[in-house]
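Structure first, commentary second.
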Amino acid sequence: MFSTEGTCDWCKKPSVLTQLNYIDGKSNHSCEDCIELATLDVRQFNIAEQRQMERQSVHC
């Protein structure tokens, strides 16, 4: 799961990272220390984006 080395997008520390993907096609990388917060953040963003897309499709 944690296979890429780099800088965590949440804590900005160098570490071994895992990639988290957003519904809009973008992605960020999280270290093991930040994974819970990062997963929650990405999940909340994706839910909000999905709701917005659903609202837009209803109004069209």
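These numbers come from a predicted model, not from an experiment.
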May I have the list of side-chain donor-acceptor pairs in residues 30-39 shorter than 3.5 Å, sequence neighbours left out?
unit_1: Ser30; atom_1: OG; unit_2: Ile35; atom_2: N; d: 3.3
unit_1: Thr39; atom_1: OG1; unit_2: Ile35; atom_2: O; d: 2.7

What residues, two or more places apart in sequence or in another chain, satisfy side-chain contact (heavy atoms from CB on, under 4.5 Å) together with Asn46?
Tyr22, Ile23, Val42
Taking atom CD of Gln50 and atom CZ of Arg55, what is their separation to the nearest 0.5 Å?
11.0 Å
Close side-chain approach of Leu20 to Phe45, heavy-atom, < 4.5 Å:
no
Grab the two heavy atoms, one from Val16 and one from Phe2, that are nearest each other, plus how far apart they are.
CG1-O, 3.2 Å
Calculate, to the nearest 0.5 Å, the distance between atoms CG and CH2 belonging to Asn28 and Trp10 respectively.
4.5 Å
Who passes side-chain contact (heavy atoms from CB on, under 4.5 Å) against Gln19, sequence neighbours left out?
Asn21, Ser27, His29
Evaluate whether atom CD of Glu54 has more than 12 neighbouring non-hydrogen atoms of other residues, nucleotides or ligands under 6.0 angstrom away.
yes
Measuring from atom CG of Leu40 to atom CD of Gln44, what distance do you get when rounded to the nearest 0.5 angstrom?
4.0 Å
